[in-house]
Student: 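Below you'll find the structure I mean.
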Amino acid sequence: MHYLQSAGTQQPLKLSGPTLAGIYLGKIKTWQDPEVKKGNPGVTLPGHTIVVAHRSDGSGTTNIFSTYLAKISPEWAKQPGKGISVSWPAGIGGKGSEGVTGTVKQTLGAIGYVELTYAKENNLPVAQIRNQAAKYVDPSAAATTAAINAFSDELGKDVRTPIVDPPASAAHAYPICGLTYLLVPKQGKDPKKHDMVKQFIQFILTDGQNTAECLYYAKLPPNLADEGQKMLGEVRAAGGFYPARSLNYDGERVLTHNISILLSGRGSNFEAIAKNVASGKIPNAQIAAVISNRPDAGGLSVAERLGLKALVIASNGKKREEHDQEVVAALKAHKVDLVCLAGYMRLLSPWFVQQFPRRILNIHPSLLPAFPGLEAQEQAFVYGVKVAGCTVHFVDEELDHGPIIVQKAIPVLDSDDERSLAARILEQEHIAYSEAIEFVLAGNFEVVGRRVVGRR
Ligand code: GAR
């Protein structure tokens, strides 16, 4: 970016790498310098002295910029060289991109460097930089993608490869680009935070890519996104409870995990889970509360029979968010670590899901992703599938959708009708849900993309 407009320069300023290096070395001192003029034929350049603005603090932007100058100019490579902060031969230092921008905006004839999104957001005029194909290129997300692609092989081997001064074959590449890095510990102290960081990075590498260009960032080419996924795989998600069985959701040391069952109906899955908790098949756990959104749910009398705490939080006539807030408040009041939906016929709001990241399970009577929604067994039967079953999965913001923990399959028999098929699926549900709870509470897994995989 630069501040030459008021001198009548309306056309974009064009600079070659050596000219830019000459300016930053303090050797090219005015905008009338023959080197600058040569690159801008027909343009009336102002008579001002050039004022160089640079960062005074350490910065990744400086690292990219100085790496470029070192590549383009042997003199710069020798002194001051490259790095996140260098000893500048000329100019005025400013703190942060704001400081550099401030200097440029206030000083006629000034030139500075900031990342593209900053220049665009602040409507700063930017120069076109000549690349190796001798084309003067505007900075843009597309021109950055072109530069990244030119280094694709090298980046595949080492993601730290600088993306500056790409070869002439990348005709439309902007020559001063770089990747943004995150330094993430493989194992985090706070399991809840670590899990969320991992999920956030997962978002950046996948869905978040679609918003990159509106912020003037280039999308990652698929091979680099894959590389990112591979590295993310090395980051240990908290998974269940880390270390297994000794910490609860709030990171407190506990011997027993509190499970809550949410239901709307007869509660046969709940009963099977309760039996396995009582017998110790699901170890180190207790059912802290059974919550029904319907006062007439059969599951409530099961709870009473088993001497377990049951609550009715009626959903009738309430907005989803309002009801969810009441349920979450009850779960928190009971210090619940794991929420198990067992025939809970309500879609949770995204806010609810976010209150218990990777701590909400659901059972569905089909082999997902086939037949989500209501009457899954009937849907499968009518469709004519030969194999049916059930799925226990983590709950995310979509219906019957999150990462799969356990599935059980059974053949559909010629002699089956809808009822007999549903009954045989239900038998499997009663086995699958407890297996999934035990697996999750043991915490010996991680979620990679959609895959729930055991830790090596
Ligand atoms: C179960 O078949 C469960 O898979 C299903 O409701 C039934 C509840 O039975 N859940 C869903 O369809 C969720 N989409 P239960 O009350 O006897 O456990």
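Both ligands and their constituent atoms are indexed starting at 1 by order of listing.
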Student: Between F65 and Y24, is the ring centroid distance below 6.0 Å?
Tutor: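 Between F65 and Y24, the centre distance is under 6.0 Å.
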
Student: Quick one about Y217 and E115 (side-chain donor to acceptor, distance below 3.5 Å, no hydrogens or angles considered), yes or no?
Tutor: yes

Student: Between L224, T144, I64, which is the residue that forms a side chain to side chain contact (heavy atoms under 4.5 Å, CB included) with L179?
Tutor: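 So, applying the side chain to side chain contact (heavy atoms under 4.5 Å, CB included) to L179 and each of L224, T144, I64, only L224 qualifies.
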
Student: Within 45° of the axis and under 6.0 Å from the centre of the six-membered ring of F356, does NZ or CZ of K332 qualify?
Tutor: yes

Student: Does N362, backbone or side chain, put an N or O under 3.5 Å from an N or O of ligand 1?
Tutor: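 Not met; the criterion fails.
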
Student: With a cutoff of 4.0 Å, is D400 in contact with ligand 1, counting heavy atoms of the residue only?
Tutor: yes

Student: Looking only at protein heavy atoms, which one is nearest to atom 2 (O) of ligand 1, and how far off is it?
Tutor: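 Among all protein heavy atoms, the one nearest atom 2 (O) of ligand 1 is E429 OE2, 2.9 Å.
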
Student: So which heavy atom on D296 is nearest to which on R294, and how close?
Tutor: OD2-NH2, 2.9 Å

Student: Considering L341, N269, I363 one by one, which has a heavy atom nearer to atom 18 (O) of ligand 1 than any of the others?
Tutor: N269

Student: For atom 12 (O) of ligand 1, find the nearest protein heavy atom and state the residue, atom name and distance (0.1 Å precision).
Tutor: P365 CD, 3.3 Å

Student: Out of G343, G265, S268, C390, who is nearest to atom 15 (P) of ligand 1 when you count heavy atoms only?
Tutor: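 Checking each option, the heavy atom nearest atom 15 (P) of ligand 1 is found in S268.
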
Student: If we count only N and O atoms by modelled type, under 3.5 Å, do the side chains of T62 and H54 hold a donor and an acceptor together?
Tutor: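 There is no such pair (donor and acceptor under 3.5 Å, judged by atom type) between the side chains of T62 and H54.
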
Student: Tell me, please: is M345 in heavy-atom contact with ligand 1, that is, under 4.0 Å?
Tutor: yes

Student: Provide, to 0.1 Å, the distance between atom 9 (O) of ligand 1 and the closest protein heavy atom, together with that atom's residue and name.
Tutor: R266 NH2, 3.3 Å

Student: Please determine if G267 has a nitrogen or oxygen closer than 3.5 Å to a nitrogen or oxygen of ligand 1.
Tutor: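 Yes, G267 has an N/O under 3.5 Å of an N/O on ligand 1.
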
Student: To the nearest 0.5 angstrom, please state how far the OG atom of S264 sits from the CE atom of M345.
Tutor: 6.5 Å

Student: Identify the closest protein heavy atom to atom 14 (N) of ligand 1: which residue and atom is it, and at what distance?
Tutor: H364 ND1, 2.9 Å

